[in-house]
Amino acid sequence: MAGQATRTPGRRRTIILAVCCCAVMVILAIAIPLAVVSAGHAGSLKTTVINRCQTFLKTHSTVSSDIKCDDIWDAFQNAFVGKDQCNVPVEAYDDLVNMVKQKSSCNNMLFWSKTKDIVHELTHATKCFITLEDTFLGFLMDNLTWCSKKDSTKIFDTYKDCPQSCRPNAVSAFWIRASANFAQSSCGNVTAMLNGSLPTPFSNSSIFGSVEVQNLNPLKVGTVNVVLIVQENDRTTCQNDSLQDLKKILVPGLRYSCKEVPISKIHQCIQAPTITCGKCWE
Ligand code: N1C
């Protein structure tokens with residue numbers, strides 16, 4: 001009995017200690033992953049951009065391999081960190097754009113407006129055309145969202161934190177700057193895939209209409225070939241008023257053509273990628 005009486009407080013202490021240990025372990029098990037997730041969230045944009053940068057440099061010889069992905073990240077974040085999400089000037093991305101010297105190959109540059117998904121299916125399947133997203137800068141930022149806040153050092157990377165409704169925001173300013181650069185570097189005949197399911201396939205307030213068309217250099221570019229992608233019951237044709245507007249606003253010296261191409265034909269081109277480039281819908 002006496003032995004039992006002396007063992008009881010010790011056992012109780014052991015039990016209390018074990019319960020405390022378990023509680024600490026449970027708290028750590030919950031807190032550590034949470035901390036990693038929230039830290040990872042802030043760092044995930046950086047990781048994505050740097051990984052994409054390294055992948056592009058490994059797989060493409062069109063960009064100088066002297067480029068350092070850390071420098072690219074710094075130039076990128078300097079453009080918008082600390083700025084009001086709704087007031088990022090397009091010129092803020094000048095340093096980033098000027099850091100990248102990429103060779104362009106003539107006659108295969110492809111612009112698009114409201115046709116992004118089908119265009120990228122096509123460019124991934126055939127390699128006949130180059131869109132902005134197939135170049136270094138477009139590849140880095142495609143489908144990403146980013147912004148900061150006035151006088152903040154933080155970076156946000158969700159649609160919730162980075163409203164896209166106000167302009168020029170961090171994302172729209174980037175695409176405007178990168179698109180101007182892409183158009184300025186174009187040479188030979190260029191193609192623009194527009195959406196024939198819309199009543200106005202060309203809009204002069206789109207990035208294609210307001211930035212790319214204006215930045216084509218008639219000393220380097222010959223014809224702007226519009227491919228109007230149409231579905232079976234679409235009424236829009238190459239005679240559409242908005243396309244006549246496009247023809248009118250082209251910089252003097254540039255030629256224009258337009259062809260209606262059924263979407264089924266584009267799908268055939270995607271499925272038969274060995275068809276000679278350019279021959280698919282001609
Ligand atoms: O406004 P848009 O199309 O006419 O812009 C498309 C035009 C293409 O020819 C591209 O070269 O401008 C370039 N471009 C992109 O490459 C791009 N990738 C992702 C423009 N915008 C791009 N985005 C996002 O899509 C961006 O957020 C921008 O606001 C939209 C524009 O798409 P749109 O209206 O179909």
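Fair warning: this is a prediction, and the values are worked out from it, not measured in the lab. Numbering of ligands and ligand atoms starts at 1, following listing order.
Nearest protein neighbour of atom 10 (C) of ligand 1, counting heavy atoms only, is Glu212 OE2, 3.3 Å. Protein heavy atom in closest approach to atom 29 (O) of ligand 1: Arg167 NH2, 3.9 Å. Among protein heavy atoms, the minimum distance from atom 26 (C) of ligand 1 is reached at Trp175 CD1, 3.4 Å. In terms of protein heavy atoms, atom 6 (C) of ligand 1 is closest to Trp112 O, 3.0 Å.
Within ligand 1, counting atoms from 1 as listed, the ones closer than 4.0 Å to a heavy atom of Phe111 are 9 (O). Which parts of ligand 1 touch Ser113 is read off a 4.0 Å heavy-atom cut-off, strictly below it: atoms 2 (P), 3 (O), 4 (O), 35 (O). Those atoms of ligand 1 that come under 4.0 Å of a heavy atom in Ile207, given as number and element, are 1 (O), 2 (P), 4 (O), 5 (O), 12 (O), 20 (C), 21 (N). Short contacts between ligand 1 and Phe208, defined as distances under 4.0 Å to a heavy atom of the residue, involve ligand atoms 2 (P), 4 (O), 5 (O). Of all atoms in ligand 1, numbered sequentially from 1 with element shown, those under 4.0 Å from a heavy atom of Lys114 are 3 (O), 33 (P), 34 (O), 35 (O). Of all the atoms in ligand 1, the ones that sit under 4.0 Å from a non-hydrogen atom of Glu133 are 15 (C), 16 (O), 17 (C), 18 (N), 19 (C).
Asp234 and Ser197 share a side-chain donor-acceptor pair at under 3.5 Å. Checking Asp161 against Thr158 by side-chain atom types alone, a donor-acceptor pair falls below 3.5 Å. Side-chain atoms of Asn51 and Thr48 include no donor-acceptor pair closer than 3.5 Å.
Classified by interplanar angle (parallel below 30°, tilted 30° to 60°, perpendicular above 60°), the ring pair Phe76/Trp73 is tilted.
Between Arg177 and Asp95 there is no salt bridge, since no side-chain nitrogen of the basic residue lies less than 4.0 Å from a carboxylate oxygen of the acidic one.
Interatomic distance, Asn108 CG to Cys128 SG, rounded to the nearest 0.5 Å: 8.5 Å.
Ligand 1 lies less than 4.0 angstrom from a heavy atom belonging to Ser179.
Annotation: side chain to side chain donor-acceptor pair (under 3.5 Å) contacts of His267 (sequence neighbours excluded): none. For Phe182, the ring pair (Phe, Tyr, Trp, His ring centres under 6.0 Å) partners at least two apart in sequence or on another chain are Phe111.
For atom 31 (C) of ligand 1, the nearest protein heavy atom lies 4.0 Å away or farther.
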